[in-house]
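Worksheet: one structure, shown below.
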Amino acid sequence: MTTSAELFATAKTLIPGGVNSPVRACKSVGCDPLFIARAAGSKLFTVDGDELVDFVMSWGPMLLGHAHPGVTEAARAAMLDGASYGAPCPAEVAMAKAVVDAVPGIDMVRMVNSGTEATMSALRLARGVTGKDAVIKFEGCYHGHGDAFLAAAGSGVATFGIPGTPGVPEGTVRHTLTVPYNDLGGVAALFAAHDDIAAVIVEPVAGNMGLVLPKPGFLQGLRELTARHGALLIFDEVITGFRLAYGGAQSVFGVDPDLTCLGKIIGGGFPVGAYGGKRRFMERISPEGDIYQAGTLSGNPVAMAAGLATLTALAQADYAGLAARTESFASTLAGILADKGLPVVRNRIASIFTLFFTESPVTDFATAKTADSARYARFYGHMRARGVNLAPSGFECAFTSFAHTDADLEKTLDAAKAFAG
């Protein structure tokens with residue numbers, strides 16, 4: 001059988017860096033990537049014959065676990081009726097209703113094909129309805145690879161230390177205003193200095209500089225400032241949507257955004273995104289209104305079937321139980337490392353957590369960058385060698401799922417006990 005090493009060597013001659021998304025290359029942790037043959041439940045199975053407990057879960061979407069039978073069957077049945085129509089289908093109507101019913105801030109929703117497409121489209125809509133150009137984003141937050149969002153971005157941009165990227169015109173990012181996450185005063189100052197701000201876009205819980213929680217009053221303050229200055233508040237819930245709770249972060253924090261971006265979980269593992277919001281704004285989108293956005297594969301019947309099956313299962317899921325299990329596990333894991341004399345900070349909400357190897361509380365990108373990336377790389381390699389798959393970057397999150405068993409968690413804790421630091 002072809003091994004991961006052989007596949008990666010070949011891939012590097014055919015695909016830039018050998019991967020189709022940069023962090024997968026595992027450069028920041030000093031390893032070559034593992035190539036996956038299949039996944040099931042909480043496990044990944046590599047082409048080398050190794051089994052790993054997975055805490056990446058496709059970067060968050062697999063809340064029900066890999067290859068969930070109900071989701072798999074729904075996708076299979078849809079595929080038998082044709083993979084793509086380029087025309088309306090019943091499943092997209094049912095999916096739209098499920099999203100509108102679940103997420104408080106969404107009256108209407110438009111399906112797209114990725115989180116990046118969702119955020120790009122939401123920003124265009126915000127600019128169109130306000131007649132303004134500038135957008136405020138937060139340092140270390142990642143909203144996809146659209147040009148306007150690559151200033152002070154998180155995720156892979158943070159992992160590779162890229163301040164922006166060549167190919168983005170200066171004129172594009174001059175309308176992007178950045179401020180530290182959790183800095184409400186900084187946002188107020190930007191509004192005082194600029195009269196052309198169309199929107200503030202924020203991850204209500206930041207997940208692309210590692211997990212960083214909003215300070216009490218931060219999200220509420222953003223809602224007040226945007227309303228006062230005639231700007232739209234955009235929640236990027238690509239990670240948090242349907243993971244923090246069935247209604248997303250906005251239902252947890254009680255903040256009502258104007259627009260919401262979704263992705264990951266709503267596709268059940270398929271490439272799906274969506275943006276939605278208040279009816280008066282969404283009705284400006286073509287063909288109802290004058291702001292254009294389109295996509296050949298948007299509302300794809302297979303992705304809609306998988307997403308709808310996922311949401312149907314999650315509507316009955318025990319979110320509180322999973323959050324409690326994750327808190328106990330993450331706390332114990334952090335305690336094991338702290339008992340070794342290692343500096344460790346644990347940030348956790350619902351079924352998401354990050355361990356930062358630092359002594360400083362992590363509340364924004366600057367404090368996230370105090371974490372010891374070399375120690376994280378050693379921890380990653382140690383855990384991977386013992387059958388535990390973590391994100392290959394300290395600026396990413398760990399995710400549990402309803403498929404993780406007590407045995408999976410115990411195996412992970414036992415592996416951590418052997419880490420020398």
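For the single chain, residues carry numbers from 1 onward in sequence order. In what follows, every heavy atom counts, from backbone to side chain, and hydrogens, waters and symmetry copies are set aside.
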Answer yes or no: is there a side-chain heavy-atom contact under 4.5 Å between [X] and [Y]?
X      : Y      : answer
Val212 : Asp364 : no
Ile197 : His229 : no
Arg348 : Thr326 : yes
Tyr246 : Leu311 : yes
Val200 : Phe191 : yes
Leu34  : Leu52  : yes
Thr358 : Pro343 : no
Phe235 : Val103 : no

Could you check whether [Y] and [X], counting side-chain N and O atoms only, form a donor-acceptor pair closer than 3.5 Å?
X      : Y      : result
Gln293 : Arg124 : no
Arg223 : Thr226 : yes
Ser360 : Thr370 : no

Roughly how far apart are [X] [atom1] and [Y] [atom2], rounded to 0.5 Å?
X      : Y      : atom1 : atom2 : result
Asn389 : Lys43  : CG    : NZ    : 12.5 Å
Phe353 : Leu211 : CZ    : CG    : 10.0 Å
Ile234 : Thr119 : CD1   : OG1   : 8.5 Å
His145 : Ser114 : NE2   : OG    : 6.0 Å
Met111 : Glu117 : CE    : CD    : 12.0 Å
Asn347 : Ile352 : CG    : CD1   : 11.5 Å

Can you name the nearest heavy-atom pair linking [X] to [Y], along with the distance?
X      : Y      : answer
Cys141 : Tyr181 : SG-CD1, 3.8 Å
Phe35  : Ala11  : CZ-CB, 4.4 Å
Leu125 : Tyr275 : CD2-CE1, 4.3 Å
Ala39  : Ala67  : O-CB, 3.6 Å
Arg325 : Thr405 : NH2-C, 3.5 Å
Thr310 : Ile265 : CG2-O, 3.7 Å

Near-ring test Phe329/Phe55, centroid separation under 6.0 angstrom: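 Yes, close enough.
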Ring centre gap for Phe138 and Phe218 strictly below 6.0 Å: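 Between Phe218 and Phe138, which both carry aromatic rings, the centre distance is below 6.0 Å.
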Side chain to side chain contact (heavy atoms under 4.5 Å, CB included) between Asp290 and Arg284, intermediate numbers included: CA-CA 6 Å; Asp290 57 342; Arg284 288 289 301 275; 2.8 Å; yes
Step-by-step side chain to side chain donor-acceptor pair (under 3.5 Å) determination, Ser42 to Asp408: CA-CA 8 Å; Ser42 61; Asp408 294 329; 2.6 Å; yes
Side chain to side chain contact (heavy atoms under 4.5 Å, CB included) evaluation trace for Val362 with Met209: CA-CA 10 Å; Val362 178; Met209 50 182 130; over 6 Å; no
Worked check of side chain to side chain contact (heavy atoms under 4.5 Å, CB included) between Asn300 and Phe270: CA-CA 10 Å; Asn300 174 277; Phe270 285 81; 5.9 Å; no
More than 12 heavy atoms of other groups within 6.0 Å of Glu359 CD: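 No, CD of Glu359 has 12 or fewer neighbouring heavy atoms, counting only those of other groups under 6.0 Å.
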Heavy-atom neighbours of Tyr85 OH exceed 12 at 6.0 Å: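 Enclosed: over 12 neighbouring heavy atoms sit under 6.0 Å from OH of Tyr85.
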Evaluation steps, side chain to side chain donor-acceptor pair (under 3.5 Å), between Ser4 and Asp48: CA-CA 6 Å; Ser4 289; Asp48 310 294; 2.7 Å; yes
Side chain to side chain contact (heavy atoms under 4.5 Å, CB included) between Cys31 and Arg384, intermediate numbers included: CA-CA 10 Å; Cys31 301; Arg384 191 171 99 168; 3.7 Å; yes
Test: Asp195 and Lys132 ion pair at under 4.0 Å: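 Result for this pair is no, no salt bridge flagged.
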